[in-house]
Number of protein chains: 2
Amino acid sequence: MTTRWLTPEEQRAWRAYVAGYLLLEDAIDRQLQQDAGMPHAYYSILANLSETPERRLRMTDLAERLKITRSRLTYAVSRLEKDGLVRREECRWDKRGSIAALTDEGMAVLEDAAPGHVATVRAALFDRLTPEQVGQLEEIFGQVAQGFQGDGEGEAAPEDLPWRRRSSPCSGTS
Amino acid sequence: MTTRWLTPEEQRAWRAYVAGYLLLEDAIDRQLQQDAGMPHAYYSILANLSETPERRLRMTDLAERLKITRSRLTYAVSRLEKDGLVRREECRWDKRGSIAALTDEGMAVLEDAAPGHVATVRAALFDRLTPEQVGQLEEIFGQVAQGFQGDGEGEAAPEDLPWRRRSSPCSGTS
DNA sequence: TAGGTTTGTTTCAAACTTGAACCAAGACCG
DNA sequence: CGGTCTTGGTTCAAGTTTGAAACAAACCTA
């Protein structure tokens, strides 16, 4: 196939997007590193655990939610565990499984860090967007994320997406 | 200040965005790593150099364009240089400066990799968006990026943005 | 139930990123 | 000039991420 290059509009959008998200991620990482001593991904782990009824989740589920690899999660959780913010528990129904549980200290750290994090996200992103744009942002990335979801389904991808990864259920509310 | 938390709409948008860009970056990195043996950031270095009249740029300029730190760039360029895709030249007017120049081989590798890269970006992003959404994407991230730009200006940031980095001119077309 | 496959997770080495520290070369100033 | 501040880049150690390989427990299946 003779490559459909990006149109000028798409190029501009792509450049703006890349520049924007790099700056944004950078700002978020810097803020969290400064104020909470951890990068964005680690904060997300704590946040995700905190939103769960029992404040615990199986590794694979957590990785799935966070859209990160299991190996990356293993490393991150080990570090958080060393810091006492997360505790690893074994899964009773499945001896293979291990569960990451947010400790009280972890919850405290999270609550401490949250305001600053939100302020950063606001200042860098939401305070610059109109309500319509907020909706557009959700719509756009929702569509993008969907594209990576469940494989086989009916409305297949515009092309084959040979990249794409995992998927797996199994909840771990002890 | 009593933290203005994200509204439900903002939360949804934020989640969609984070999930989306993680998946997207992951797909792009994977594709480039597979097909060109380098991550997205490295590809961007080559691409950026190729778009310059003389196919060369001073390190700081390049870092500025790419929105990455100088130290990160130094490392990346060293690797690319080792692979023969980029060559370092000294700056004649400023003995401190060093210039990164795209080699013919680098150009060739870039041209080889481009189609696959574009295809990935298309399949994962643009083929899922309407033309209006493409415009919205540009608008949104253009605004975000602007927020990190030139400091002092009139319409200052909604809050102080204590994070933010460098800035510096100086072109290096030999 | 033995044997083979899949699934959940960790491990390991190699590559990458970060931030602070460092160095040398311009710029300035008295 | 000689000192001092700034700028352009690199270096270094510490922390992260990656992908492939290793394991072990769960699941078939004959």
To the nearest 0.5 Å, how far apart are [atom1] in [X] and [atom2] in [Y]?
X     : Y     : atom1 : atom2 : result
B:L32 : B:I28 : CG    : CD1   : 7.5 Å
B:Y42 : B:R79 : OH    : CZ    : 6.0 Å
A:I99 : A:D94 : CD1   : CG    : 9.5 Å

Sub-4.0 Å heavy-atom contacts from residues 71-79 of chain A onto DNA chain D, ordered by number |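 Those residues are A:S71, A:R72, A:Y75, A:R79.
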Contact residues, residues 37-46 of chain A to DNA chain D [heavy atom, < 4.0 Å] = A:Y42
If only atom types and distance count, is the side chain of A:R128 paired as donor or acceptor with the main-chain N or O of A:A123 below 3.5 Å?
-> yes
Can you check whether A:G84's main-chain N or O pairs, donor with acceptor, with A:T103's side chain at less than 3.5 Å?
->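 It does hold such a pair.
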Please list all pairs passing the ring pair (Phe, Tyr, Trp, His ring centres under 6.0 Å) test where one or both residues lie in residues 61-89 of chain A, with sequence neighbours left out.
->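 Of all non-adjacent pairs touching residues 61-89 of chain A, none passes ring pair (Phe, Tyr, Trp, His ring centres under 6.0 Å).
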Expressed as a whole number of angstroms, how long is the span from [X]:[atom1] to [N]:[atom2]?
X     : N      : atom1 : atom2 : value
A:D29 : D:dT17 : CG    : C1'   : 13 Å
B:R70 : C:dT17 : CZ    : C1'   : 15 Å
B:Q33 : C:dA15 : CD    : C1'   : 9 Å
A:I99 : C:dT10 : CD1   : P     : 12 Å
A:E81 : C:dT9  : CD    : C1'   : 13 Å

Quick check: are there more than 12 heavy atoms from other residues, nucleotides or ligands sitting under 6.0 Å from CD of B:Q34?
-> no
Would you mind writing out the side-chain donor-acceptor pairs for residues 133-142 of chain B within the sub-3.5 Å range, not counting sequence neighbours?
from	atom 1	to	atom 2	distance (Å)
B:Q133	OE1	A:Q143	NE2	3.2
B:Q133	OE1	B:T130	N	3.0
B:Q133	NE2	A:Q143	OE1	3.1
B:E138	OE1	A:R12	NE	3.4
B:E138	OE2	A:R12	NE	3.2

What residues, two or more places apart in sequence or in another chain, satisfy side chain to side chain contact (heavy atoms under 4.5 Å, CB included) together with A:D112?
-> none
Could you run down the sub-3.5 Å N/O contacts of the protein with nucleotides 1-5 of chain C?
none

Is A:R65 salt-bridged to A:D61, going by a charged N under 4.0 Å from an acidic O?
-> no
Looking only at side chains, do A:D35 and A:Q31 share a donor and an acceptor under 3.5 Å apart?
->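 Short answer, yes.
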Does B:T69 have a side-chain nitrogen or oxygen under 4.0 Å from the phosphate oxygens OP1 or OP2 of C:dG19?
->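 So the side-chain polar atoms of B:T69 never come under 4.0 Å of the phosphate oxygens OP1 or OP2 of C:dG19.
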Sequence neighbours excluded, which residues qualify as salt bridge (charged side-chain N to carboxylate O under 4.0 Å, His left out) partners of A:E111?
-> none
Which residues pass the side chain to side chain donor-acceptor pair (under 3.5 Å) test with [X], not counting sequence neighbours?
X     : answer
A:H40 : A:E25
B:R15 : A:E51, B:Q11
A:S78 : A:R88

Using five base pairs at each end, measure the axis-to-axis angle across the helix from C:dT1-D:dA30 to C:dG30-D:dC1 and round it to 10 degrees.
-> 20°
N/O contacts under 3.5 Å, protein versus nucleotides 21-29 of chain D?
from	atom 1	to	atom 2	distance (Å)
D:dA26	OP1	A:K95	N	3.0

